[in-house]
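Structure first, commentary second.
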Amino acid sequence: WRTWGLTGRRDGSHLLLRPVAARSRPWPAGRPAEATCKTGWGHPAPHVGCTCGLHGTHGLDLLRRTRSPAVLGRVAFWGRVIEHELGFRARFGYPQRIRLLCQFCFWLRGDTAEPPSMVGWFPRDDLLPMCEAHVLIAARYGMRPQRLLPAIEVEQRLRGEYAVDLLPG
């Protein structure tokens, strides 16, 4: 299991899965993501004595603590894969099945969360899926997207970009 942020253009095109960790490159569509170590130690990722690599978990509950999750999915890992108590770190990875999620509902209720109805486009091309209730709450607190897109259309475009199936709810 893994979560990603979502980035793209204002019109919902050229969507990319963005790691929730800061300063990480988006996962490329149509080809595997490859891990590199950013510590400068010169070792290939993943390395046993480091935290580098593409990360995934055994279960969903741990993912509820991730920063700004917008997409939930199952991921395939290969190459060198290191298993640890929280999941896996790998050299190569590619999403297998994905679906959009309302991060606020996901934080509150996990995988039983309300599905998003809209995707807000915010500055820096960040796309944030939200259920109807959270679109209204966000607006009330000044979190106004520059544009709202239908979640089902964004999800279909994203699945098309990566050529993956829908993760059932």
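Everything quoted here is computed from the prediction, not taken from an experiment.
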Out of curiosity, [X] [atom1] to [Y] [atom2], how far, rounded to the nearest 0.5 Å?
{"X": "His55", "Y": "Thr3", "atom1": "NE2", "atom2": "OG1", "result": "12.0 Å"}
{"X": "Arg18", "Y": "Asp125", "atom1": "CZ", "atom2": "CG", "result": "10.5 Å"}
{"X": "Arg2", "Y": "Leu54", "atom1": "CZ", "atom2": "CG", "result": "6.0 Å"}
{"X": "Leu15", "Y": "Leu127", "atom1": "CG", "atom2": "CG", "result": "6.0 Å"}
{"X": "Leu158", "Y": "Leu100", "atom1": "CG", "atom2": "CG", "result": "6.5 Å"}
{"X": "Ile98", "Y": "Leu166", "atom1": "CD1", "atom2": "CG", "result": "8.5 Å"}

Of all the heavy-atom pairs spanning [X] and [Y], show the shortest one and how long it is.
{"X": "Pro115", "Y": "Cys131", "value": "O-CB, 3.7 Å"}
{"X": "Gly53", "Y": "Ala35", "value": "CA-CB, 3.6 Å"}
{"X": "Trp107", "Y": "Thr66", "value": "NE1-O, 3.2 Å"}
{"X": "Pro116", "Y": "Cys102", "value": "CD-N, 3.9 Å"}
{"X": "Cys52", "Y": "His47", "value": "SG-N, 3.5 Å"}
{"X": "Tyr94", "Y": "Ala29", "value": "OH-C, 4.0 Å"}

If you look only at distance, which donor and acceptor atoms sit under 3.5 Å apart when one is on a side chain in residues 74-83 and the other is two or more places apart or in another chain?
none

Please identify each residue that fulfils salt bridge (charged side-chain N to carboxylate O under 4.0 Å, His left out) with Arg64, with sequence neighbours left out.
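With sequence neighbours excluded, Arg64 shows a salt bridge (charged side-chain N to carboxylate O under 4.0 Å, His left out) to Asp61, given in chain and number order.
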Kindly give the cluster partners of Leu108, where membership spreads through any ILVMFWY side chain lying under 4.5 Å from a current member.
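Members besides Leu108: none; it forms no cluster.
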Applying the 4.5 Å side-chain criterion to the ILVMFWY set and letting contacts propagate, would [X] and [Y] be lumped into a single cluster?
{"X": "Phe88", "Y": "Leu17", "answer": "yes"}
{"X": "Leu148", "Y": "Leu6", "answer": "no"}
{"X": "Trp121", "Y": "Leu16", "answer": "yes"}
{"X": "Val154", "Y": "Met118", "answer": "no"}
{"X": "Leu167", "Y": "Phe106", "answer": "yes"}

Side chains of Pro19 and Trp27: does their closest heavy-atom pair fall under 4.5 Å?
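Heavy-atom side-chain distance check passes, below 4.5 Å.
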Within the 4.5 Å heavy-atom criterion, are Glu114 and Arg109 side-chain neighbours or not?
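Yes, at least one pair of side-chain atoms sits under 4.5 Å.
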Counting N and O atoms only, with roles assigned by atom type, does the side chain of [X] sit under 3.5 Å from a partner on the main chain of [Y], one being a donor and the other an acceptor?
{"X": "Ser68", "Y": "Gly5", "answer": "no"}
{"X": "Tyr162", "Y": "Arg97", "answer": "no"}
{"X": "Arg89", "Y": "Cys50", "answer": "yes"}

State plainly whether the residues Arg99 and Glu155 are in salt-bridge range, i.e. N to O under 4.0 Å.
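Not counted as a salt bridge, because no side-chain N and carboxylate O are separated by less than 4.0 Å.
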Between Leu86 and Thr57, does the side chain to side chain contact (heavy atoms under 4.5 Å, CB included) criterion hold? Intermediate values first, please.
CA-CA 6 Å; Leu86 299 177; Thr57 69; 5.7 Å; no
Contacts of [X] that satisfy side chain to side chain donor-acceptor pair (under 3.5 Å) - sequence neighbours left out:
{"X": "Asp165", "value": "none"}
{"X": "Glu132", "value": "none"}
{"X": "Arg159", "value": "none"}

Do His134 and Cys105 pass the side chain to side chain contact (heavy atoms under 4.5 Å, CB included) test, and can you show the C-alpha distance, the side-chain angles, and the key distance before you say yes or no?
CA-CA 8 Å; His134 285 113; Cys105 290; 3.4 Å; yes
Identify which one of Leu101, Leu149, Val119 satisfies the side chain to side chain contact (heavy atoms under 4.5 Å, CB included) criterion when paired with Pro129.
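Passing option: Val119.
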Just wondering, are more than 12 heavy atoms of other shown residues or ligands nearer than 6.0 Å to CD1 in Ile152?
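It does not: Ile152 CD1 has 12 such atoms or fewer within range.
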Run Phe122 and Arg144 through side chain to side chain contact (heavy atoms under 4.5 Å, CB included) and show every step you take.
CA-CA 8 Å; Phe122 291 91; Arg144 290 185 176 83; 5.9 Å; no
